[in-house]
Structure formats: C-alpha cells, structure tokens
Asks: 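Sharing a structure with you now.
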Amino acid sequence: MLYPIDTETREVRDLNGIWDFRLDPEDHGIAAKWFCGPWNSQEIAMPVPASYNDISTEAKVRDHVGPVWYRRTFFCPDAWAAKHVALRFGAAAHAAQVWLNGQMLCSHRGGFLPFEAQVNSLIRFGSEGENVVVVRLDNRLDWTTLPPGELSESSIGVDGKAARRQTYFHDFFNYAGLHRPVRLVVHPVGGIEDIQARVTRAGEEARVAVEVAAARPIFQATLLHADGTIVTTLRGAKQAELAVPEPRWWSPGHPYLYSLRVELLGDGGEVVDVYRLPLGLRTVRVEQDRFLLNERPFYFTGFGRHEDSDLRGKGADDVVDQRDANLLKWIGANSIRTSHYPCSEEFLRLADREGIAVIGECPAVGLFKFEEQENPTTPIFCDERAGEKLRQHHLDTVRDMINRDRNHACILMWSLGNETATHEAAGVAHFTGVAQLARALDPTRPITIVECNYPRYSKIGHLVDVIAVNRYFGWYLETGDLAAIAGKLGAELEEWRRRWPKPFLLSEYGADTIPGLHKLPAVMFSEEFQVEYVKACNDVLDRCPYVVGEHVWAFTDFATKQGITRIDGNRKGVFTRQRQPKAVAHYLRRRWHTLATKHSQFSPNSNPTPPQHEDLASIHPNGSASERLPSASR
Ligand code: GCB
C-alpha cells in the first residue's frame, strides 16, 4: 500500500484537526442513525490524530468500553471530480465503520494499519455542497482481535446498571481513537496503485526489481541520487530490474536514500501518474549465527519502543517522533522493535532517513496467560480462545503489515508475535502458517517470533531465523538479586544455543525505575538498580559471540492498565515518558557509542560528542575469540 504523497500528478489533503466526538455506551448509535443527519449538542471536541482517552478529564471517557463516534465536514474542489479520490485512515483503533454523506463507505478491523476507500460515488464536488464523514470505532477486544481480550459484565454499575468490563493480557493501555492521520488522497484515474522495490546484490552491484500495480502496464523507473542526478532509468511492463553499479549502501551509520521515480505511461507514451519512493539500498540475511547487513555482521543496540506519550496516548505526533529519533542517536542506539504492533508510516519514513533499523512487529501479543502458567486450564490456541477467526486475522494483519512496509530499508526483520503460547502444539501449527505466509510475501527478510518461554518449552525455534527472547532475571525472576543474573541468564543462553544454534537477540530486559529515586547500595526501583541490572545483563551478552543484539525494555516509560505492579504505568523506560534520561541512559550511551566506534556499521547516523569516560574495550559482540560463560546451575 502506497504512502500518500504529493507529486505533480497527486494531491493529499489532511482531515486532521478537531472532530466532533461522542461516546456510545448503550451501543445504539447505528439504530439511531448517527451516521446521517446533524448531531445534537451532546458531542465534544476531539483532536485527530490522538487517542481519545487522555484528552478529556472524565473517567467515563478514559475507561470507556465499546463504540465511540467521530464526525467532521469538508469541501472538495470541482477539479477532483475527474480524479480518483480516496479517504485514507492511517490507523483507527480497533474496528472502524465509515460513512460518507450518510452512506456506508467501508469498514476495517485492526487498530495499527491503514485502510482506504475510493469515495467518488459518494462524495460531493464543488457546488454540490459540504461532505460529512462519520466514523464509528469500537475498542472492544475479544478472541477474534489482535491483541485479544475478554469482555464481561461488571456487577457494580455506577448508576445501578451493569458496566462492561474489558480484560486483556498485554502490558499497555488499551488506547483507542483515530490514532494516525486521516487524509483525502487524490490521483489520476487508472493511476499507480502499488509499487514494490526489492533490492538484491550481485557481487558489488545492487539490483532493484521494481513491480508496479496499475490498470496499464508500461512505466518508466528512474533511480535518482539525493541531489537529483540520475543514476539509471529503465522502461518496464509491470516490472523492470535496475542495475546500480556502485551503490551507496544504506545502514544506520550511512542512511543514504535514493529516490525511485515511477512514471506510469499512457498509450502515446505520455506521463499519466508519478510516484516517488525514498529507497535505501541494502541487503540483509542470516548466516549461521550471524545477522548480516550488507554482508557484514550487524549487532542490534536499542529498545522496544511503544507509541505512547502524554495526552496523545497512541496518537501520532511528529514532535514526539522526531524527539525519539534524536534521543536514539544521542544514546547511540541503532535500532528499535515496534513493540508490539506496526508503528506509524511516518515513523518508518523518519527511520529510513535518520538511520534507525527497525524490527517490524505485528500485534500478536497477549497470547499467553502468565497467571495460568502454574495451573493451565484452557490452552490459548483452541476454539474457545485463539481459534480460526483469530488465526485468519493474524494472517491478514501480517499480509497488510508486509504490504505496507516492504519498501522500507529500515526494516531488517519481521516479528510475527510477542510472548505467545509457543509451548502448545496448536500454537506451533498456528505459527507455522503465519511464518509461511511471511516468507512467501517477503523472502528478503529474516523472521522471528519473540519468546518468553524457556528453551525447554518453546516449540517454534525451527520456524525462525533469529531466536529473540524477553528475559527478566533479577526482576520478575530472582527478584532483586543482581548477582543471580550472570549465572541464570548465561545458562539460559547456552540452553537456547544447544537447542537452536541460531543468532540470538535479547529482545527485552529491564527494571522499573522511578526517576529521582536513589539507593546505595542499589535496590529495586532506584536509578542505581536499573544501571546495575542492565550492566549485569550486558556482561553476559558480551561473552556470547552468537548474540546479535540487545534491546533494553523499554525506550520510554509508558501507560498500561492499572495494577499493583505498576506505579503510574510501566516504568522500565530508559527515558521518562516526557523523553528525559534516567541514569542508565548515560551508561548505555557510553557503551553503545564505544561499540559504534569499533564497528562503524552499528553506529547511528550522527555521533554527537562520543563519550570517552569508560573503557569498554573488552566488549566483543559478534566477536569470534570471546570467552564463553561457564554453564551455570539453574
Ligand atoms: C514483557 C512484555 C512487555 C512488558 C514487559 C514488562 O515481557 O513483552 O510488553 O511490558 O514484559 O515490563 O513486564
């Protein structure tokens, strides 16, 4: 799916800003035909894009379970009548129904990916008058959604009525709303529908296989340097392969972007439609226990990153995105995982430009019940829970995610799920199908399925290219015991290694930390503890040559459901929710910049005053001669 951009043949109009908004606690909006006719005075003003939860001061808005409605009006110029006009939602959480001028336009399931519908037959052009778009969103999670959830009726209603109660098993707040930009996208009728640009390497040369989906087949593909000079150009019929003799390869250290200009040609050779795709040339593959970017070992440094910020919730915001990119560069991180759902297209475009490698994750999270670990009742992968409907939705989501993001140089790997019941035989069957689909759609990228199971229970290692594990020794396990980390984590890494000798990524490790809380000696929740905890884990990783990366959990503090283990959200952030550093950020900054100067390919794009104070010369990620940890007892 193409990202909406302006070109000489295309136009984009933002419909962001203030919309009218209503809760629909009784779920009677459809029966009352809220999709047509004027609304009365019950609506409140709601900014888009944003989650609606934290904008209002009322708990009934923040904690609402069920449908809500958005509405706004707009005009359309006459000139668009001869064009293809579509209404496009960047993301609407979690299920959406859209009406235009009182008529049903489209519906969509899933809160983290875009959808669009052509509007020509319903829209009013020029003097035909004003258009009204109405959206009904539903934030309810059940065993057909990703992430899943369970609904029940609470017996204690405020007004004597039973209230709906939503439970879910993932650790982030169930924000909802029109989370990403809403736009009108205008292009020529019969224009370019989609482009796929697949980069491969032939010796020192790069090849770009371009495929164009459109009603007519003939196009001209031109690769341009950043300064606009032409590298190469070729005509194709539905496809063409460009050869780039001396490519400037993309990496976090050198995020060089070419521009691929695709011109769709008419019968007389005239240009019918033009699209420009920013294109980084790079290859990625796994060989034995190494992760290779442009045929050189790559070591991931960085974080799991949530889309989460004050007031906006999960609402897209350029200010937050750019600050995040700047923090990643400041700390020397080269990568993030889009934990635990596909992030915004805007962030991926930024990551291409700034040199942030990305592990793109789909929202298969919460498919594990920790509280049932000791006493399993119903398996996760069964008809009453994650059955056929959820499986289909998972497949659709992976398909849509890959189709949306496949042209981004920054995406180095797909994650098909986070912490799922991979010990269940039915879970293996489920993920076998999902992994097959991902590989068929994109044979150019490795895949992973992020684990919380121990290696002796996990049954999916054969499906993935990289073993990615979230592990919290010293926090959830061996709580408070920093000294236990070396033995426990070291032994587990060895066990993974014996079972599946593949590259290993520690995809989460971290400790909740209240900024400003200091304790000597270190105790849990203090800044000192977080530093010692992260160091202790890193010491283990540094001794294991098959480790290809470290992603600390989490990039920033973030909102989650209320609970006795959460003080104002999840506080494992290396940065606060307001994007300021905790003490551990300074330690990581020294470590990662030192790694980056030793291995230029790891480095983020710019390196502002690399810190000098600590000698980390003993670090050898991907090193060959590094010392192995003795297998510790468990
Ligand atoms: C995990 C999950 C992440 C949680 C984190 C935690 O393993 O993947 O979503 O937020 O642990 O802090 O408990």
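Counting starts at 1 for both ligands and their atoms, following the listed order. Atom set for the values below is all heavy atoms of this structure, side chains included, hydrogens, waters and symmetry mates excluded. All values reported here derive from a predicted model rather than from experimental measurement.
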Asks: If we check side-chain hydrogen bond (donor to acceptor under 3.5 Å, both in side chains) with Asn570, which of these qualifies: Asp171, Thr560, Asp308?
Replies: Asp171

Asks: What heavy-atom pair brings Leu412 and Ala409 nearest, and what distance separates the two atoms?
Replies: CD2-O, 3.7 Å

Asks: Pick out which of Arg439, Arg445, Lys502 makes a side chain to side chain contact (heavy atoms under 4.5 Å, CB included) with Asp465.
Replies: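 Among the candidates, only Arg439 passes.
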
Asks: Does Tyr509 have any ring pair (Phe, Tyr, Trp, His ring centres under 6.0 Å) partners at least two apart in sequence or in another chain, and if so, which?
Replies: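 Residues passing ring pair (Phe, Tyr, Trp, His ring centres under 6.0 Å) with Tyr509: none at all.
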
Asks: Could you pull out every protein residue that has a heavy atom closer than 4.0 Å to ligand 1, ordered by chain and then number?
Replies: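 For ligand 1, the contacting residues are Asp171, His340, Asn418, Glu419, Asn470, Tyr472, Tyr476, Glu508, Trp553, Phe558, Arg566, Asn570, Lys572.
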
Asks: Considering residues at least two apart in sequence or located in another chain, which fulfil the ring pair (Phe, Tyr, Trp, His ring centres under 6.0 Å) criterion with Tyr175?
Replies: Phe173

Asks: In chain order, what residues pass the ring pair (Phe, Tyr, Trp, His ring centres under 6.0 Å) check against Trp553, with sequence neighbours excluded?
Replies: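 Expected list: His306, His340, Phe558.
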
